[in-house]
Amino acid sequence: SVFITTVSDGGGVPDADVSAFRECLSLSWKNPYILQLAFSAGIGGLLFGYDTGVISGALLYIRDDFKDVDRKTWLQEAIVSTAIAGAIIGAAVGGWMNDRFGRRKAILLADALFLVGSVIMAAATKSPILIVGRVFVGLGVGMASMASPLYISETSPARVRGALVALNSCLITGGQFLSYLINLAFTKAPGTWRWMLGVAALPAVIQAVLMFTLPESPRWLFRKGREEEAKVILRKIYPSSDVEAEIQALRDSVALEMKEVDPPNKISIIKLLKTKSVRRGLCAGMGLLFLTQFTGINTVMYYSPTTVQLAGFASNQTALLLSLITSGLNAFGSIVSIYFIDKTGRKKLALLSLCGCVLSLALLTATFRQTETHSPMISSIETSYFNNTCSGFSKAVNPIEWDCMKCLKAQCGFCASGSNKLLPGACLSPDEAPKALCLKDHRAWYTKGCPSKMGWLAIMGLALYIIFFSPGMGTVPWVVNSEIYPLRCRGICGGIASTTCWVSNLVVSQTFLTLTVAIGTAWTFMLFGVVALVGIFFVLIFVPETKGVPMEEVEQMLEERAVHLKFWQRRSAPQKG
């Protein structure tokens, strides 16, 4: 057979039919079994999304209950980041577990960890116990982050594989949206944050029950020599006209691997890295997941209520409500990606997404810079009215030069003017008593950001960023990572890439609040913008197009594909007879 390399994409890619999305929808009546497999595994994505989203809203109320958390920024970062540290271990161990014990068992273990973590968090009486619960949930998130898309990818026909793995991304963002809804629903309930964090136990139980009734991945079964079991599942997935060809392709693929790997059950990392196709696959897969984090998406999701406060919106409920809108846009973007992933292709979608991220991060940088340099001044008269002057302000050499930003940087609270928030206000000590006096006087109280007429532009920048990020960079890296590695090391390589994702996530979330204090929110967003710009060139040069390529042929495509350094030149179309 002749295998033509498409000129524009830079890889051996037969065009996926534009009706792939319609075919995916038609599965609901043609072959609901495939959708059952995808949705059941996809609940892992829902849990992953719920956990990353819920902590941002819960943190606003944890600060009210645990005063040590309110006083110490590093403790807030620790509550967010210990889950990510757990996810790093979960992803690393999960990669090995996926290959050794199967995708299904890895998902079941992730559910057990979610359940234990949720119960510990909901019952926490002090911040260290809460952190222990976060570690358990993190371990579950790390395992589920690669096991779910891998299971979906290996139980899906090639034509709709992208759309069904994108469904997992859609459930991740759906989980984030659900977390903001639940955050908002429990704002008035007693034990607010306990409900927010404890609810995650429910989908974990539902997924565990569903996964007990579903089979293992047929590709994993084939690799383990359990051919008859695999054939039964493949006959349920593929139409009768295609199933024998698929079985033969899998048989050939596994036979080829068994010749290469000696002994068959041991995989040496060094040997993997010496294999050209694995090395190129890891470069593309790890690079995409690195970009996903360092373009700043999870800081937007983890800290979006805080970011909204930084934009000048003081109330917790307003911050949560506006965050719900950004989260809704994220979920909508993922639904859009299900349509475009098999139509436009992975590479083109990632490039469009990164270009949009650069533009929206530039808007956020400009807006926050304007907010930081044009904040309301401090009035000595307004400040003395409350009789709770911040010690930093009272000791200042030039108090007349102080504005709201200077007041907040001195660890004080800003009480806005009653008639107009943009007029000079009071710089008070950041304790509960001055805050209560300020609010009693029907004024707004600020400790994170300053009042600004540009606040809505910052919200618009956040919304634009999510609209561009979600359909492309929110989905493409997970789809590419679920299909780009050879079968013999798909779990291990997926684990390595997933670990890269979580290490990057840890670095970004652990440093975001510290960076906003050290260099300001504007320059922090500018750093993310620079990474997105570099990412455009990375995708052009190192990422192949895998749209519509049968999983057994991806390795062959990577072996033949040269790194495309002169990305502006069109490739010649080599043929393989």
Side-chain angles (χ1 to χ4, degrees), residues 44-45 48-49 51-52 80-99 106 110 138-150 153 165 168-169 172 267 269-270 272-273 275 277-299 301-302 346 350 353-354 357 469 472-486 489-512 527-528 531-532 534-539 541-544 546 554 558 563:
F48 170 4
D51 176 72
T52 55
V80 172
S81 303
T82 43
I84 305 164
I88 292 168
I89 299 162
V93 174
W96 169 78
M97 270 200 70
N98 269 312
D99 278 343
L139 288 166
V141 166
M143 270 186 190
S145 65
M146 206 61 232
S148 293
L150 202 55
S153 179
V165 177
N168 184 65
S169 294
I172 292 173
I267 296 172
I269 298 286
I270 306 297
L272 280 183
L273 293 175
T275 312
S277 60
V278 175
R279 201 169 58 245
R280 286 178 175 173
L282 274 173
C283 176
M286 287 167 70
L288 282 170
L289 286 170
F290 173 88
L291 285 170
T292 300
Q293 300 307 318
F294 275 89
T295 48
I297 184 61
N298 275 323
T299 44
M301 298 320 295
Y302 288 135
R346 286 65 158 147
S353 176
L354 283 166
C357 285
F469 182 94
M473 287 305 291
T475 303
V476 170
W478 296 105
V479 173
V480 169
N481 271 284
S482 71
E483 61 192 8
I484 203 168
Y485 307 116
C489 56
R490 203 166 284 155
I492 293 278
C493 290
I496 293 169
S498 204
T499 306
T500 305
C501 171
W502 290 111
V503 169
S504 305
N505 190 324
L506 179 65
V507 172
V508 175
S509 63
Q510 187 65 31
T511 55
F512 177 69
L527 281 176
F528 294 147
V531 174
V534 172
I536 292 169
F537 295 99
F538 174 84
V539 172
I541 295 166
F542 293 103
V543 178
T546 52
V554 170
L558 285 169
V563 174

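Computed from a prediction, not measured in an experiment: that's the story for all the values here.
Put simply, CD1 on I88 and OG on S145 are 11.0 Å apart, with the number rounded to the nearest 0.5 Å. Interatomic distance, CD1 of I89 versus CG of L139, reported as 6.0 Å (0.5 Å rounding). Taken from OG1 in T295 to CE in M473, the straight-line distance is 5.5 Å, to the nearest 0.5 Å. Rounded to the nearest 0.5 Å, atoms CG (L150) and CD (E483) are 11.0 Å apart. Atom OG1 in T475 sits 8.5 Å away from atom CZ in F469 (nearest 0.5 Å). We find the CZ-CZ distance between F542 and R280 to be 10.5 Å, quoted to the nearest 0.5 Å.
The side-chain heavy atoms of V507 and F294, taken from C-beta on, include a pair separated by under 4.5 Å.
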Original post:
Going through the distances and angles, do F290 and V503 end up as a side chain to side chain contact (heavy atoms under 4.5 Å, CB included)?
Top reply: CA-CA 9 Å; F290 173 88; V503 169; over 6 Å; no
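Ring orientation note: the planes of W478 and F48 are nearly perpendicular, at an angle over 60° on the 30°/60° scale.
Contact between L288 and F538 at its shortest, heavy atoms only, is N-CE2, 4.0 Å. When all heavy atoms are compared, the tightest approach of L506 to A85 is CD1-N, 4.2 Å. Residues M286 and I496 approach most closely at SD-CG2, 3.8 Å, considering heavy atoms. Looking at every heavy atom in both residues, V278 comes nearest to C493 through CG1-SG, 3.8 Å. Summarising the geometry of C501 relative to L289, their closest heavy-atom pair is CB-CB, 3.9 Å, with the distance given to 0.1 Å. Between L354 and A532, the shortest heavy-atom contact is CD2-O, 4.0 Å.
Looking only at distances, a side-chain donor or acceptor of S153 sits under 3.5 Å from a matching main-chain atom of S482. With hydrogens and angles disregarded, a donor-acceptor distance shorter than 3.5 Å links the side chain of N481 to the backbone of G285. One N or O on the side chain of N98 and one on the backbone of G94 form a donor-acceptor pair closer than 3.5 Å.
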